[in-house]
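Inspection log for the structure reproduced underneath, given as structure tokens.
Naming convention: chains lettered A, B, ... in sequence-line order (proteins, then strands); numbering from 1 in each chain.
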Protein chains: 2
Amino acid sequence: MTTTPDHAAAATPSATDLLRGRGLRVTAARTAALDALEANPHADTDTLVRVVRERLGTVSVQAVYDVLRVLTEHGLVHRIEPAGHPARYERRVGDNHHHVVCRGCGAVADVDCAVGHAPCLVPSATHGFRIETAEVTYWGLCPRCAG
Amino acid sequence: MTTTPDHAAAATPSATDLLRGRGLRVTAARTAALDALEANPHADTDTLVRVVRERLGTVSVQAVYDVLRVLTEHGLVHRIEPAGHPARYERRVGDNHHHVVCRGCGAVADVDCAVGHAPCLVPSATHGFRIETAEVTYWGLCPRCAG
DNA sequence: CACATGATCTGGAATGATTCCAGTGATGGA
DNA sequence: TCCATCACTGGAATCATTCCAGATCATGTG
């Protein structure tokens, strides 16, 4: 039987399918940004502009900002903003994972929650706040910066 | 016996004593900023400039930025930077506590680590990073914004 | 208590990330 | 295929923050 590659591999849907699945228009900038992010996890806007331009030739900075905003709003990418660093984006969404940021070079790596089912997400006193999410950022030194 | 108030109440040292204790020069801007922060926990720079000016009359914005940088570097205040908000400062330092930020109005409140001795600070895989600190930010709605 | 020294404050300009805006161009349903 | 709408372009503006050079002040010494 001749199943299309798209149907055969449902594990990693194409950028086009992801966009269609959310009812978003499929544009060159969007698919290129999603692919660039697949290849460069935790990339910042500047990096993504460069990578997208390598593929598409010419893309405005604002287009990339707009694409990332739309993708973030629709849950296709996740935005993190380490203190003192420009925003970074990743395609790993939906699961509760955290990040470690290098104080030296700003490198970011994923960190899964240590203990079973996210006990750190249950604070003691909430001061009447209705808590929705918890975000953990580890700070340290990456292997290279640690020497 | 005639002990001075300073010696009697070691619980909350004056701004002057805090500065002297770190070998820092005692200036009007610094004591005013420390006092302003005592009265306004989690205040941002803008707010602190206003409060300091109410007491001192005229202070440059840059002086406040400089004061806050020096105080932060010497561990007298703690700086937090919630994503999408300007930096905020607090005098509660040295203990491992976290923050909840309101998605509506940006209000910040302190949150003590829920479970015993900070298990959330022990990540599972560190990717070779040498982890120094962990920072937890809860996001939700404050009582007012939750309606 | 006056002085010298070096840190601190002032005012102004610059930076970097991000957003806003008006106009042109592309996408996808009719 | 045609059109309404949404997306992209280019330029300017915003916001928080930092940089710079010069004037001022805090502090240890004589």
Taking the nucleotide of DNA chain D with the nearest heavy atom to each, does B/Glu81 or B/Leu24 sit closer to the 5' end?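 By nearest-heavy-atom nucleotide position, the 5'-most residue is B/Glu81.
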Position toward the 5' end of DNA chain D (nearest nucleotide), B/Arg25 or B/Arg88: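 Nearer the 5' end of the strand: B/Arg88.
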Regarding [X], tell me which of base, sugar-phosphate or nothing describes its non-hydrogen contacts under 4.0 Å with the strands shown.
X       : value
A/Ala28 : nothing
B/Val70 : nothing
A/Arg30 : sugar-phosphate
A/Ala29 : sugar-phosphate
B/Val26 : sugar-phosphate
B/Asp66 : sugar-phosphate
B/Val61 : nothing

Return the value, rounded to whole Å, for the distance between atom [atom1] of [X] and atom [atom2] of [N].
X       : N      : atom1 : atom2 : answer
B/Leu56 : C/dT10 : CG    : C1'   : 14 Å
B/Leu19 : C/dA7  : CG    : C1'   : 14 Å
B/His74 : C/dA7  : NE2   : P     : 12 Å
B/His85 : D/dA16 : NE2   : P     : 12 Å
B/Leu48 : D/dT17 : CG    : C1'   : 15 Å
A/Asp46 : C/dT18 : CG    : C1'   : 12 Å

For A/Tyr89, does its backbone N or O pair with a side-chain atom of A/Arg79 as donor and acceptor, under 3.5 Å?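 No, because the side chain of A/Arg79 does not come within donor-acceptor range (under 3.5 Å) of the backbone of A/Tyr89.
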Has B/His127 got a side-chain atom pairing as donor or acceptor with A/Asp110's backbone, closer than 3.5 angstrom?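 Side chain of B/His127 to backbone of A/Asp110: a pair is present.
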Applying side-chain contact (heavy atoms from CB on, under 4.5 Å), can you list everything that pairs with B/Ala28, at least two apart in sequence or on another chain?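 For B/Ala28 the side-chain contact (heavy atoms from CB on, under 4.5 Å) partners, ignoring immediate neighbours, are B/Leu56.
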By nearest heavy atom, map B/Val59 and A/Arg79 onto DNA chain C; which one lands nearer the 5' end?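 Looking at DNA chain C, the more 5' nearest nucleotide goes with B/Val59.
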What I'd like to find out is whether the side chain of A/Val111 reaches to under 4.5 Å of the side chain of A/Val136, using heavy atoms alone.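 No; the side chains remain at least 4.5 Å from each other.
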Taking the side chain as every heavy atom from C-beta outward, state whether A/Leu76 and A/Leu24 have any atom pair closer than 4.5 Å.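 Result yes, sub-4.5 Å side-chain heavy-atom pair found.
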Does the side chain of B/Thr27 get closer than 4.0 angstrom to OP1 or OP2 of C/dA7 through an N or O atom?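 Result: no.
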Would you tell me if any nitrogen or oxygen in the side chain of A/Thr45 comes within less than 4.0 Å of OP1 or OP2 on C/dA17?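 For C/dA17, neither OP1 nor OP2 has a side-chain N or O of A/Thr45 closer than 4.0 Å.
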Any N or O donor-acceptor pair under 3.5 Å from the base of C/dT19 to the side chain of A/Arg69?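 A donor-acceptor contact between them is absent.
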At a cut-off of 3.5 Å, list every protein nitrogen or oxygen paired with a nitrogen or oxygen from nucleotides 22-24 of chain C, distance to 0.1 Å.
none

Heavy atoms from C-beta onward define the side chain here; which of D/dC8, D/dA16, C/dA7 lies closest to that of B/Tyr65?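 Ranking D/dC8, D/dA16, C/dA7 by closest atom to the B/Tyr65 side chain puts D/dA16 first.
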Taking the side chain of B/Gln62 as heavy atoms from C-beta outward, which of D/dC8, D/dG11, C/dG11 is closest to it?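 Of the candidates, C/dG11 comes closest.
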Working to the nearest 0.5 Å, report the span between OG1 of B/Thr47 and CZ of B/Arg88.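 With rounding to 0.5 Å, OG1 (B/Thr47) is 7.5 Å from CZ (B/Arg88).
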Quick check: are there more than 12 heavy atoms from other residues, nucleotides or ligands sitting under 6.0 Å from CZ of B/Arg130?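 No, because the 6.0 Å sphere around CZ of B/Arg130 holds 12 heavy atoms or fewer from other groups.
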A/Trp139 vs B/Glu132, side-chain contact (heavy atoms from CB on, under 4.5 Å): CA-CA, chis, key distance, verdict: CA-CA 6 Å; A/Trp139 293 88; B/Glu132 296 168 354; 5.7 Å; no
